[in-house]
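Here is the naming used below: chain letters follow the sequence lines, and residue numbers restart at 1 for every chain.
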Amino acid sequence: MDAYERITRNAAEVVTEEEVEALAEDPDGKRAYVGYEPSGVLHIGHLLTANKLIDLQEAGFEVVVLLADVHAYLNDKGTFEGIRETAERMKEQFLAYGLDEEATEFRYGSEFENDEDYVLDLHELERETSISRAERAMSEIKSGDTVRVSQAVYPLMQALDIEYLDVDLAIGGMEQRKVHMLARDVLPKAGHDAPTCLHTPLIADLTSGEGKMSSSSGVSISMEDSTEEIAEKVNDAFCPPSADPEGDLENPVLQIFEYHVFPRFEDVVVERPDEYGGDLRYGSYDALEADLDSGELHPADAKGALADYLDDLIAPGRERLRELREA
RNA sequence: CCGCCCUUAGCUCAGACUGGUAGAGCAGCCGACUGUAGAUCGGCUUGCCCCCCGUUCAAAUCGGGGAGGGCGGACCA
């Protein structure tokens, strides 16, 4: 797998391809970042971007994880003190999940976002941005139903973070694309470069296959789930024997195999009772998808395997979380 | 600063005029059927009716005060 292929695999979108190709020619020392509002428990959505960070580290990138404490504060997620503690826990779980500690730079937003230079630059972006544009950028991200001024400032700070963290590539889920497009528009107006962006797909809601999975509503798989809870949630998931369900629906079980399991495991064994033909082994996602779609692989067997592999992925973080809570 | 509107189940809302032990849809949960889930049947759960004070035998409902949210006006010298 060449660098470009590794950088872009499983990406829903890259802006722009030309810019990423240029980065891929000499990835060593290039910097990529993702910002997260601190959350005490990583869920499967966080892990999707984390998988991309691991890809980038393997391609030679330096990775910056922004623990966006100020953003969380602006988005009404609590006091600075509480957010800070939450962020520490989040960092530990990322390391337990498999980010390379040597190649990962964890930064708190509050380390630099309150500096005078930063604030003055931020004001310049505020002058260049309409309220409605900022609000639109936040529509997929904000919490609560009342739009506050803090939420208009929020995406502008995301834009400026890219500049201040000296990042070559901004990573985020597809829900971040409006923020990133705003950044590409507004940063040049303030004399900065437009950032190159890479967006990961959104996994469909587990139980319905509709839209995107949300940790705030509906079922999500997280680092605090026990082996039994994972098995139960996976078993309850929507999973027609099809790679492309009718309508706008997706098959979340396949999506998780594609975006979470195969990127981290060389091959996948599906244990299957002898009466149904015995175990199956897959070296690629495509092969598994084809078998499910054709009926060779029954959804129930696929779910059993998915729960086992997810549990393997989650176990180190779950253990770390337990240690942190006991400490 | 002033005025008007809203607040009832997890969500969207009915009920308020005319006081009498709180409802619908959706969601959720449980069963049946499927070697998974969904769909489809069958069943079930859910409430500080925003808060406080008052009137009354009795207040989600009437009166007063307050909070939160939305909208508008005024101000633009």
Side-chain angles (χ1 to χ4, degrees), chain A residues 39 41 43-45 73-79 127 130-132 134-136 138-152 154 175 201-222 225-262 268-282 285 287-314:
Chain A
S39 158
V41 177
H43 59 69
I44 198 165
Y73 180 76
L74 290 174
N75 206 16
D76 201 25
K77 296 297 173 61
T79 64
R127 285 195 298 111
S130 72
I131 285 280
S132 60
E135 192 180 334
R136 203 148 45 86
M138 275 299 283
S139 61
E140 301 289 327
I141 299 159
K142 70 188 178 201
S143 67
D145 51 5
T146 302
V147 185
R148 297 205 159 76
V149 174
S150 58
Q151 291 171 333
Y154 185 113
E175 81 284 353
L202 302 177
I203 290 177
D205 180 78
L206 252 192
T207 54
S208 70
E210 296 167 348
K212 65 170 190 285
M213 188 187 295
S214 162
S215 55
S216 53
S217 68
V219 176
S220 182
I221 290 168
S222 79
D225 287 338
S226 67
T227 301
E228 295 73 25
E229 284 170 325
I230 290 172
E232 189 179 339
K233 287 178 179 181
V234 170
N235 184 52
D236 286 346
F238 177 70
C239 185
S242 163
D244 185 22
E246 290 178 22
D248 294 331
L249 299 177
E250 300 289 342
N251 188 321
V253 170
L254 283 179
Q255 287 182 322
I256 296 171
F257 267 114
E258 182 174 15
Y259 300 128
H260 287 283
V261 177
F262 280 97
V268 170
V269 175
V270 175
E271 295 178 12
R272 190 167 65 170
D274 289 340
E275 63 173 303
Y276 297 122
D279 295 356
L280 293 165
R281 177 180 295 270
Y282 297 99
Y285 167 73
L288 184 147
E289 179 192 290
D291 268 10
L292 187 100
D293 198 55
S294 72
E296 170 62 26
L297 171 62
H298 192 277
D301 296 322
K303 284 180 172 181
L306 181 61
D308 289 344
Y309 282 93
L310 269 182
D311 191 55
D312 281 352
L313 286 172
I314 299 260

In whole angstrom, give me the gap between the P atoms of B:rG25 and B:rG70. 31 Å

Whole-Å distance between B:rG35 C1' and A:Glu275 CD? 8 Å

Considering only atom C1', compute the distance from B:rC30 to B:rC48 and round it to an integer number of Å. 29 Å

Using the side chain to side chain contact (heavy atoms under 4.5 Å, CB included) rule, take A:Ile131 and A:Val147 through it: C-alpha gap first, then chi angles, then the decisive distance, then the call. CA-CA 10 Å; A:Ile131 285 280; A:Val147 185; over 6 Å; no

Watson-Crick or G-U wobble partner for B:rC44, using a 3.5 Å limit on both distances? B:rG28

Along RNA chain B (nearest heavy atom to each residue), the more 5'-positioned of A:Pro240 and A:Arg148: A:Pro240

What interatomic distance, in whole Å, is found between P of B:rC5 and the corresponding atom of B:rG10? 28 Å

With rounding to whole Å, what would you report as the distance between B:rG66 and B:rG73 at their P atoms? 25 Å

Do A:Pro252 and A:Asp205 have side chains that get closer than 4.5 Å, going by heavy atoms? no

Could you check which nucleotide pairs with B:rC4 in any of the strands shown, counting Watson-Crick or G-U wobble with both distances under 3.5 Å? B:rG70

Quick one: A:Leu206 CG to B:rA27 P, roughly how many Å, whole number? 18 Å

Would you mind reading off the distance between A:Lys233 atom NZ and B:rG28 atom C1', rounded to a whole angstrom? 15 Å

Check the distance between B:rA27's P and A:Asp205's CG and give it to me in whole angstrom. 13 Å

Considering only B:rU36, B:rG38, B:rG69, which nucleotide approaches the side chain of A:Cys239 most closely? B:rU36

When the distance from CG of A:Asn235 to P of B:rA37 is rounded to whole Å, what number comes out? 6 Å

Taking atom P in both B:rC11 and B:rG20, compute the distance separating them and give it to the nearest angstrom. 26 Å

How long is the straight-line distance from CG of A:Leu206 back to NZ of A:Lys233, given to the nearest 0.5 Å? 8.5 Å

If you take all heavy atoms of A:Val268 and A:Phe257, which pair is closest and at what distance? CG1-CE2, 4.1 Å

Sticking with atom C1', work out how far B:rU46 lies from B:rA27, rounded to a whole angstrom. 11 Å

Taking pairing as Watson-Crick or G-U wobble with both contacts under 3.5 Å, can you name the mate of B:rG63, or confirm there isn't one? B:rC53

Of the options B:rU36, B:rG69, B:rG35, whose atoms approach the side-chain atoms of A:Tyr276 most closely? B:rG35

Under the rule for ring-ring contact (aromatic ring centres under 6.0 Å, His included), what residues qualify as partners of A:Tyr73, not counting sequence neighbours? A:Phe80

To the nearest angstrom, how far is A:Leu280 atom CG from B:rG35 atom P? 19 Å

Go ahead and name the base partner of B:rC75; Watson-Crick or wobble counts if both distances stay under 3.5 Å, otherwise write none. none

Any side-chain heavy-atom pair from A:Leu310 and A:Ile44 closer than 4.5 angstrom? yes

Go ahead and name the base partner of B:rA39; Watson-Crick or wobble counts if both distances stay under 3.5 Å, otherwise write none. none

Rounded to whole angstrom, note down the C1' distance from B:rG47 over to B:rU7. 15 Å

ring-ring contact (aromatic ring centres under 6.0 Å, His included) involving A:Phe238 - partner list, sequence neighbours excluded: none

Atom-pair distance (CG on A:Leu288; P on B:rU36), nearest Å: 18 Å

Describe the nucleic acid contact of A:Pro245 in one word from base, sugar-phosphate, nothing, applying a heavy-atom distance below 4.0 Å. nothing

For B:rU18, what is the paired nucleotide under Watson-Crick or G-U wobble rules, both distances under 3.5 Å? none

P gap between B:rA60 and B:rC53, integer Å: 14 Å

N/O-N/O pairs, protein side and nucleotides 32-34 of chain B side, under 3.5 Å:
none

Rounding to 0.5 Å, atoms CD (A:Glu271) and CZ (A:Arg281) come to a distance of 10.5 Å

A:Asn251 CG to B:rA37 P: how many Å, rounded? 14 Å

Just verifying a value: how many Å separate A:Ile221 CD1 and A:Leu306 CG, rounded to the nearest 0.5 Å? 6.5 Å

